[in-house]
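Given the structure is predicted, the values throughout are model-derived calculations rather than measurements. Throughout, protein chains are lettered first and strands after them, A, B, ... in sequence-line order, and every chain is numbered starting at 1. Just the heavy atoms: all of them, side chains too, but no hydrogens, waters or symmetry mates, feed the values below.
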Amino acid sequence: MPLQASERMVKCDSSRFFAWELVKNGIIAMSVLRIRGFEIHKAYLAAEAQRALIEDLRPILKAAPLFSPSVPGGGQMSVRMTSAGGFGWFSDAAGYRYIDRHPKGRAWPAIPAPVLNLWRAVTGVQRDPDCCLLNYYGQEAKMGLHQDKDEADFSYPVVSISLGDDGLFRMGESRRGGKTDTIWLNSGDVVVMGGEARLAYHGVDRIRFGSSRLLPKGGRINLTLRVVT
DNA sequence: AAGTACCC
DNA sequence: CAAA
């Protein structure tokens, strides 16, 4: 039985070993934020750890170039994306799903070890994620409210890592039409969506282009780690 | 239906 | 810009 995120946080305060694990993974602060009544655990990555992650993403972007999927109904997403791991998120007129290779045909690159270490440090779950979705938000990109519900087991949390420009994150409830709240996510924020929040509707209204200098050309990268199968 | 419109 |  994996530890719940809240128990993990308690251990953060009481266990010297766990604190060292956090430092090793570049985490310099942890907090609990409340949005829509959900308690969301958030870690914050040191600038050096953020820069190291960006370097780890370069080979992924080279091997598996960004693309903007179509969605059922005929639209096209403004976010550009790719994935690492055994599965990547994909969408076209036929629907949303996970696929085991880039749409151009090559297998997805492996998830970088530092990303897996970060997952282990913030979730404490026994299983590694098999999908690392990389979403790139340019100046006009946004993402409508949606649920992450194409995974086999919702007891695993979803981890979101924000890099680059600030993003206005909106979270609602587990049903459409409920009230929503927003929160700005900044570069280095690592959000764990588990428990009650796992099936909450969420999206990104807009980014604050140019607010960070992490990415020389601007924009926001969000890494989403999930156990898919 | 992660698109849009509208709203918060 | 996360309140009330």
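- Along DNA chain B, the nucleotide nearest A:Thr182 and the nucleotide nearest A:Gln147 are compared for position; the residue whose nucleotide lies closer to the 5' end is A:Gln147.
- Look at CG on A:Leu168: it is 9 Å from P on C:dA2, rounded to the nearest Å.
- Distance CG (A:Asp92) to P (B:dA2): 15 Å, rounded to an integer number of Å.
- Although no hydrogens or angles enter the test, the distance criterion places no donor-acceptor pair under 3.5 Å between the side chain of A:Asn25 and the main chain of A:Ile27.
- When the C1' atom of B:dA2 is taken as reference, atom CD1 of A:Ile99 falls 15 Å away, rounded to whole Å.
- At the heavy-atom level, A:Thr180 lies under 4.0 Å from base atoms of the strands shown.
- The nucleotide whose nearest atom lies closest to any side-chain atom of A:Ile183 is, among C:dA2, B:dA1, B:dA2, C:dA2.
- When the nucleotides C:dC1, B:dG3, B:dA1 are ranked by their closest atom to the side chain of A:Tyr96, B:dA1 comes out on top.
- Residue contacts for A:Ala94: at a heavy-atom cut-off of 4.0 Å it reaches a base atom on one of the strands shown.
- Rounded to a whole Å, the NZ atom of A:Lys179 is 13 Å from the P atom of C:dA4.
- Of the candidates B:dA1, C:dA2, B:dA2, the closest approach to any side-chain atom of A:Trp184 belongs to C:dA2.
- Look at CZ on A:Phe169: it is 15 Å from P on B:dA2, rounded to the nearest Å.
- Rounded to whole Å, the distance from OH on A:Tyr98 to P on B:dA1 is 18 Å.
- Between B:dG3 and A:Lys142, no contact under 4.0 Å exists linking OP1 or OP2 to a side-chain N or O.
- Among the candidates A:Ile161, A:Leu214, A:Asp165, A:Leu215, the single residue satisfying the side-chain contact (heavy atoms from CB on, under 4.5 Å) test with A:Ser187 is A:Leu214.
- Listed nucleotides C:dC1, B:dA1, B:dA2 differ in distance to A:Arg208; the shortest reach to its side chain belongs to C:dC1.
- Put simply, the residue from A:Arg170, A:Arg36, A:Arg34 that forms a side chain to side chain donor-acceptor pair (under 3.5 Å) with A:Asp181 is A:Arg36.
- Residue-level contact check: A:Gly73 touches neither bases nor backbone, having no heavy atom under 4.0 Å from any strand.
- Centroid-to-centroid, the aromatic rings of A:Tyr96 and A:Trp89 come within less than 6.0 Å.
- Proximity note for A:Arg176 (side chain, C-beta onward) versus C:dA2, B:dA1, B:dG3: the nearest is B:dA1.
- Centroid-to-centroid, the aromatic rings of A:Phe67 and A:His102 come within less than 6.0 Å.
- Closest approach to the A:Arg170 side chain among B:dA2, C:dA2, B:dC8 is made by B:dC8 (side chain taken as heavy atoms from C-beta onward).
- Look at CG on A:Leu145: it is 13 Å from P on B:dA1, rounded to the nearest Å.
- Counting to the nearest Å, the C1' atom of C:dA4 and the CZ atom of A:Arg36 are 13 Å from each other.
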